[in-house]
S.K.: 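Please find one structure pasted underneath; my questions will follow.
We number each residue from 1, following the sequence as shown.
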Amino acid sequence: MTAAVAVAKDAGAETIGVNAEDGSRTDDGFLLEFALAAKEAGADRVRYCDTIGGDTPDRIRERFAKLAAATAMPIETHCHNDLGMAVANSVSGALGDLEAGQDAWINTCVNGIGERSGNADLLSTILAFRHGFGLSAEIGDALDLSWARRFALWASYAFGQALPYNQVGVGVNAFAHESGIHADGALKDHGNYELYDESTLGPFPSDWHARRGRVVLTGEYGGKAGFRHVMDGLEAEPADEELAFQLVQLCNAMTGRPLTDDELRLIAAYPRELALMFPGQLGEG
C-alpha cells in the first residue's frame, strides 16, 4: 500500500485515498497502524470498507471517531447493504468523522446498485443529511436534485434493473398515499405526511421510445427520415446532422437499446465533441 501511494505521489496525483478492504472486521490496532502508514506515505484519507455489510450505526460511528482523531485525517465510508443499513452506517460513520474534526467522505451508488444487496444509495444519503432529524452536517458541494428522478431512471434503464416501487424519493410509490387520514392530510398540506417536497426531485423522464401508439425510432438500423422525425419531435436541431446521425446509429448498436430523449438531445447539440470518443469509427460529417 505504501509503495502504491509513493508511486501515485511521484506521478503527480493531487489527492490519494487508500482502501482498507474489510475494515469493519479488522481489529482496531492493525487498522490504526495501516492508516498511519498510509498518512506517512502521503495519502490524504483512508477508505473504511464494510465489505460484508455487517457493521451497525453506533459501532461504525465510534470507530470512525476514534480512527479520525488518532490519525488526524478523514476516514471515508464504503458500506454494503447486506443488513439494509448501508445508508444508516454511512451517515453514522460520517458523523464520527465530524466529531473528530475531520471532513467526511461517503461512497454511494445510484439506486444503491452494487455487489449482492448493493451499496449506500446516493439520493437516500443526500436526503438523510438534508432532512434527517437531529442532523446538522452540511454537504460541501452544491447539488441539483431536480435531476434525481431522471438520473435514477437512466441508471435503471442502462443496467436493466427495474427501479423498486418503494425506492426512496424516485420510486413510483415514494409519494403515494392511500389511507384516509394520510390522503386527507397530504391533500391539505403535503408537509403533513411527506418529509420533503417531491417537486424538488424533478420530473420523471417520458422518453420517445416509451410512448404508446405508432412510434418511429432512430438507431442502428434507422434511416434519415426516422432520424429527422425523432429530432423534430424533440425540437432538437443537430449541430452536424450527418455526424449526429452516425453517432445515434453507433451508440444504439453499442448499447442494444433505444437512446433516451436526453441522450439524443446531447448528441444533437455536441456531435463533434462526442465523436472524439470514437476515433476512426465515424465518417466525415
Side-chain angles (χ1 to χ4, degrees), residues 50 53 55-58 60-61 64 74 76-99 103-114 117-159 161-207 210 260-262:
D50 183 21
D55 230 329
T56 53
D58 286 347
I60 196 170
R61 182 171 182 167
F64 268 55
E76 180 177 330
T77 74
H78 180 90
C79 296
H80 284 261
N81 203 40
D82 298 75
L83 297 179
M85 294 194 288
V87 171
N89 285 336
S90 297
V91 170
S92 294
L95 293 176
D97 263 327
L98 298 177
E99 287 175 7
D103 287 337
W105 298 78
I106 300 176
N107 288 181
T108 60
C109 295
V110 177
N111 298 345
I113 294 172
S117 296
N119 293 86
D121 173 49
L122 171 62
L123 180 61
S124 302
T125 305
I126 293 170
L127 291 173
F129 277 106
R130 285 194 172 181
H131 302 285
F133 299 151
L135 292 182
S136 59
E138 293 184 7
I139 298 175
D141 297 311
L143 301 174
D144 181 5
L145 292 189
S146 66
W147 287 86
R149 283 173 167 154
R150 283 170 286 184
F151 206 51
L153 266 293
W154 284 340
S156 170
Y157 172 80
F159 285 112
Q161 296 190 19
L163 194 65
Y165 275 29
N166 63 340
Q167 183 77 16
V168 172
V170 294
V172 296
N173 276 3
F175 295 90
H177 305 277
E178 182 178 6
S179 66
I181 189 171
H182 278 237
D184 181 64
L187 287 170
K188 290 174 177 174
D189 181 348
H190 74 83
N192 284 328
Y193 284 101
E194 293 173 5
L195 185 59
Y196 43 89
D197 188 347
E198 60 93 17
S199 65
T200 62
L201 304 179
F204 286 103
S206 180
D207 287 311
T260 68
D261 289 4
D262 284 306

S.K.: Check whether D55 reaches the backbone of D50 with its side chain - one donor and one acceptor, N or O, closer than 3.5 Å.
M.R.: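 Checking the backbone N and O of D50 against the side chain of D55, no donor-acceptor pair under 3.5 Å is found.
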
S.K.: Taking side chain as C-beta onward, heavy atoms only, is I139 less than 4.5 Å from I126?
M.R.: yes

S.K.: Within the 3.5 Å criterion, strictly below it, is a donor on D197 or S199 matched to an acceptor on the partner's side chain?
M.R.: yes

S.K.: Search all heavy atoms of V168 against all heavy atoms of S124 and return the closest pair with its distance.
M.R.: CB-OG, 3.3 Å

S.K.: Taking the side chain as every heavy atom from C-beta outward, state whether W147 and L201 have any pair of such atoms under 4.5 Å apart.
M.R.: no

S.K.: Using only atom types and a distance under 3.5 Å, with no angle test, would you say the side chain of N192 pairs donor to acceptor with the backbone of A186?
M.R.: no

S.K.: Rounded to the nearest 0.5 Å, what separates atom CD1 in I113 from atom OG1 in T108?
M.R.: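 If we round to the nearest 0.5 Å, I113:CD1 and T108:OG1 are 12.0 Å apart.
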
S.K.: How long is the span from the OG1 atom in T125 to the CG atom in L123, to the nearest 0.5 Å?
M.R.: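 Here the rounded value is 8.5 Å.
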
S.K.: Please say which of N119, V170, L122, D121 ends up in a side-chain contact (heavy atoms from CB on, under 4.5 Å) with V110.
M.R.: L122

S.K.: Just by distance, with hydrogens left out, do S146 and D144 show a side-chain donor and acceptor under 3.5 Å apart?
M.R.: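 Checked: S146/D144 side chains pair up, N/O donor to acceptor below 3.5 Å.
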
S.K.: Take atom CZ in F159; do more than 12 heavy atoms of anything else shown fall under 6.0 Å from it?
M.R.: no

S.K.: Are any non-hydrogen side-chain atoms of V91 and L95 less than 4.5 angstrom apart?
M.R.: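 V91 vs L95: side chains touch.
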
S.K.: Is it true that atom CG of D262 has more than 12 heavy atoms of other residues, nucleotides or ligands lying nearer than 6.0 Å?
M.R.: yes

S.K.: Starting at OG of S90, measure out to CD1 of I60 and round the result to the nearest 0.5 Å.
M.R.: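 So the OG of S90 and the CD1 of I60 are separated by 6.5 Å.
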
S.K.: Does a side-chain heavy-atom distance below 4.5 Å link F151 with L145?
M.R.: no

S.K.: Can E138 and R130 be counted as an ion pair, charged N to O under 4.0 angstrom?
M.R.: no

S.K.: Mind checking the CD1-CG spacing from I106 to N89? Nearest 0.5 Å is all I need.
M.R.: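 Atom-to-atom, I106:CD1 and N89:CG are 11.0 Å apart.
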
S.K.: Between F175 and Y193, is the gap from one ring center to the other below 6.0 Å?
M.R.: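 Distance test on ring centres: not under 6.0 Å, no.
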
S.K.: With side-chain contact (heavy atoms from CB on, under 4.5 Å) as the test, would you mind laying out the steps for L153 and L163 before giving the verdict?
M.R.: CA-CA 7 Å; L153 266 293; L163 194 65; 3.6 Å; yes

S.K.: For a quick test of reading the model, state the closest non-hydrogen atom pair linking A137 to L98 and the distance between them.
M.R.: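 Looking at all heavy atoms of both residues, the shortest contact is CB-CD1, 3.5 Å.
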
S.K.: Does N107 reach the main-chain N or O of H78 with its side chain, forming a donor-acceptor pair under 3.5 Å?
M.R.: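 Not at all, since once roles are kept as given, no pair shorter than 3.5 Å links the two residues.
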
S.K.: Between S92 and A88 (side chain of the first, backbone of the second, donor and acceptor by atom type, cut-off under 3.5 Å), is there such a pair?
M.R.: yes

S.K.: Can you tell me how far CE of M85 sits from SG of C79, rounded to the nearest 0.5 angstrom?
M.R.: 10.0 Å

S.K.: Considering only heavy atoms from C-beta outward, does the side chain of H190 approach that of E198 to under 4.5 Å?
M.R.: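 With C-beta onward as the side chain, the pair stays apart.
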
S.K.: How many angstroms lie between atom OG1 of T77 and atom CH2 of W105, to the nearest 0.5 angstrom?
M.R.: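 Reported value, rounded in 0.5 Å steps: 12.0 Å.
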
S.K.: Does any N or O in the side chain of D207 come within less than 3.5 Å of the main-chain N or O of D261, such that one atom is a donor and the other an acceptor?
M.R.: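 A pair under 3.5 Å: yes.
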
S.K.: Would you say that P203 contacts R149 through its side chain, given a criterion of any heavy-atom pair below 4.5 Å between the two side chains?
M.R.: no

